[in-house]
Trainee: 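Shown below is the structure under consideration.
Here the structure is a predicted model, which is why all the values come from computation and not from measurement. For this chain, numbers begin at 1 and follow the sequence in order.
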Amino acid sequence: MQPFKTGLVLVLLAVSAPAFANTIVNVKLWDKDGVANPDAKMGMGMPANMSMATMRIKLDQTVVSAGKVTFEVQNSSKDTVHEMIVVPVSDAKRTTLPYVPNENRVNEDAAGHLGEVSELDPGKTGSLTLDLKPGNYAVFCNIPGHFMNGMWATILVK
């Protein structure tokens with residue numbers, strides 16, 4: 001009877017494991033020299049040559065399964081504070097986020113702010129776990145000037 005119980009426990013664990021599955025997305029917050037160009041126009045949905053961006057967010061995965069997604073965030077800058085915010089977007093290629101020019105940042109509430117890893121000092125890490133439904137999402141840094149200097153990326157949840 002003992003082998004049967006052990007087998008039953010293993011089957012139950014295997015069947016229930018997906019309910020606890022969690023996708024991990026490694027996120028690197030990066031900048032060339034820490035200086036934001038106030039005239040940069042590299043925000044999401046803008047026609048820009050992104051190879052000229054001085055700040056970026058790099059995701060190790062851009063397509064993930066719906067459910068619990070943990071963003072493991074590292075600020076790889078040497079001397080600049082960065083953050084990472086997640087918002088839903090209808091179309092990853094055409095959506096522009098609600099930008100407030102006099103604040104040089106995105107209006108997080110109007111964009112549909114879902115969560116963030118806020119103000120990471122250089123070299124520091126943080127994490128954020130969200131239960132994401134299928135759709136497109138933008139991740140970006142909203143420290144003034146950083147979004148317009150190319151510090152955003154998109155992720156598709158299927």
Side-chain angles (χ1 to χ4, degrees), residues 18 20-158:
F20 299 108
N22 190 14
T23 301
I24 296 176
V25 177
N26 292 299
V27 180
K28 184 181 268 189
L29 309 176
W30 169 89
D31 62 74
K32 216 175 225 178
D33 56 16
V35 178
N37 175 357
D39 298 321
K41 302 278 188 257
M42 297 184 186
M44 186 175 172
M46 296 181 169
N49 179 354
M50 293 304 290
S51 69
M52 302 298 289
T54 59
M55 298 182 167
R56 297 298 296 253
I57 291 184
K58 183 174 181 190
L59 310 175
D60 73 342
Q61 299 181 70
T62 56
V63 179
V64 297
S65 297
K68 299 271 186 214
V69 177
T70 297
F71 296 90
E72 295 288 344
V73 184
Q74 176 187 14
N75 181 356
S76 64
S77 178
K78 291 185 174 132
D79 46 349
T80 304
V81 172
H82 292 298
E83 66 182 2
M84 184 208 72
I85 296 169
V86 179
V87 299
V89 294
S90 58
D91 184 333
K93 294 185 183 200
R94 291 186 184 86
T95 299
T96 56
L97 297 180
Y99 194 73
V100 183
N102 65 333
E103 295 178 12
N104 209 11
R105 57 189 224 64
V106 173
N107 180 329
E108 296 171 16
D109 293 332
H113 180 282
L114 298 175
E116 71 182 278
V117 175
S118 56
E119 287 86 20
L120 285 176
D121 287 329
K124 298 297 182 184
T125 61
S127 66
L128 170 68
T129 300
L130 297 171
D131 191 2
L132 296 178
K133 300 193 179 336
N136 291 294
Y137 296 84
V139 296
F140 62 96
C141 179
N142 209 22
I143 301 294
H146 294 195
F147 173 75
M148 281 298 199
N149 276 267
M151 204 157 189
W152 60 272
T154 59
I155 188 165
L156 173 63
V157 178
K158 291 185 169 189

Trainee: Taking the six-membered ring for Trp, are W152 and F147 parallel (under 30°), tilted (30 to 60°) or perpendicular (over 60°)?
Mentor: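 If you compare the ring of W152 with that of F147, the planes turn out tilted.
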
Trainee: Is the shortest side-chain heavy-atom distance between E72 and S127 below 4.5 Å?
Mentor: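 In contact.
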
Trainee: Counting only N and O atoms by type, is there a donor-acceptor contact under 3.5 Å from the side chain of E108 to the main-chain atoms of V87?
Mentor: no

Trainee: What are the two closest heavy atoms between N37 and D39, and how far apart are they?
Mentor: OD1-N, 2.8 Å

Trainee: Please check this pair: side chain of Y99 against backbone of N104, looking for a donor-acceptor N/O pair closer than 3.5 Å.
Mentor: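 Confirmed, Y99 side chain pairs with N104 backbone.
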
Trainee: If you take all heavy atoms of S51 and N49, which pair is closest and at what distance?
Mentor: OG-OD1, 2.5 Å

Trainee: M84 versus V86: any side-chain heavy-atom pair under 4.5 Å?
Mentor: yes

Trainee: What pairs with T54 under side chain to side chain donor-acceptor pair (under 3.5 Å), at least two apart in sequence or on another chain?
Mentor: N149

Trainee: Below 4.5 Å, heavy atoms only, C-beta onward: do H146 and E83 meet side chain to side chain?
Mentor: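 They are not in contact (no side-chain heavy atoms under 4.5 Å apart), so the answer is no.
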
Trainee: Can you tell me how far the CE atom of M151 sits from the CD1 atom of I85, to the nearest 0.5 Å?
Mentor: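 Between atom CE of M151 and atom CD1 of I85 there are 11.0 Å.
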
Trainee: For N75 and T80, indicate whether the former's side chain and the latter's backbone hold a donor-acceptor pair under 3.5 Å.
Mentor: yes

Trainee: Could you pull out the closest heavy-atom pair between V25 and Q61, with the gap in Å?
Mentor: CG1-O, 4.0 Å

Trainee: Can you name the nearest heavy-atom pair linking G150 to A53, along with the distance?
Mentor: CA-CB, 4.1 Å

Trainee: With distance as the sole test, does N142 use its side chain to make a donor-acceptor pair with the main-chain N or O of V106 at under 3.5 Å?
Mentor: yes

Trainee: With T70, which of T23, L128, N22 fulfils side-chain contact (heavy atoms from CB on, under 4.5 Å)?
Mentor: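 One option only clears the test, and that one is N22.
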
Trainee: Find the distance between CD1 (I143) and CD (E119) and round it off to the nearest 0.5 Å.
Mentor: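 Here the rounded value is 4.5 Å.
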
Trainee: Enter the distance from I155:CD1 to I57:CD1 here, rounded to the nearest 0.5 Å.
Mentor: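 Those atoms lie 11.5 Å apart.
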
Trainee: I would like to know whether F71 and V117 meet side chain to side chain contact (heavy atoms under 4.5 Å, CB included); could you show each step before the answer?
Mentor: CA-CA 9 Å; F71 296 90; V117 175; 5.7 Å; no

Trainee: Do M44 and T154 come close enough that some side-chain heavy atom pair is under 4.5 Å?
Mentor: yes

Trainee: Applying side chain to side chain donor-acceptor pair (under 3.5 Å), can you list everything that pairs with E116, at least two apart in sequence or on another chain?
Mentor: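 E116 satisfies side chain to side chain donor-acceptor pair (under 3.5 Å) with H113 only.
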
Trainee: If you round to the nearest 0.5 Å, how far is OG1 of T125 from CD of Q74?
Mentor: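 That separation rounds to 7.5 Å.
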
Trainee: Which pair of non-hydrogen atoms, one from D131 and one from K68, has the smallest distance, and what is that distance?
Mentor: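 So the two residues come closest at OD1-N, 3.8 Å.
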
Trainee: Taking D60 for the side chain and N26 for the main chain, is one N or O donor matched with an acceptor at less than 3.5 Å?
Mentor: yes

Trainee: Less than 4.5 Å apart, any side-chain heavy atom of L114 and any of L132?
Mentor: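 Result yes, sub-4.5 Å side-chain heavy-atom pair found.
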
Trainee: Of all heavy-atom pairs between L156 and K158, which one has the smallest distance, and what is that distance?
Mentor: CD2-CE, 3.6 Å

Trainee: Is any side-chain heavy atom of V64 less than 4.5 Å from a side-chain heavy atom of V157?
Mentor: yes

Trainee: How long is the span from the SG atom in C141 to the CZ atom in R56, to the nearest 0.5 Å?
Mentor: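 These two atoms lie 13.5 Å from each other.
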
Trainee: To the nearest 0.5 Å, how far apart are CE in M46 and CG in L97?
Mentor: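 That separation rounds to 9.0 Å.
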
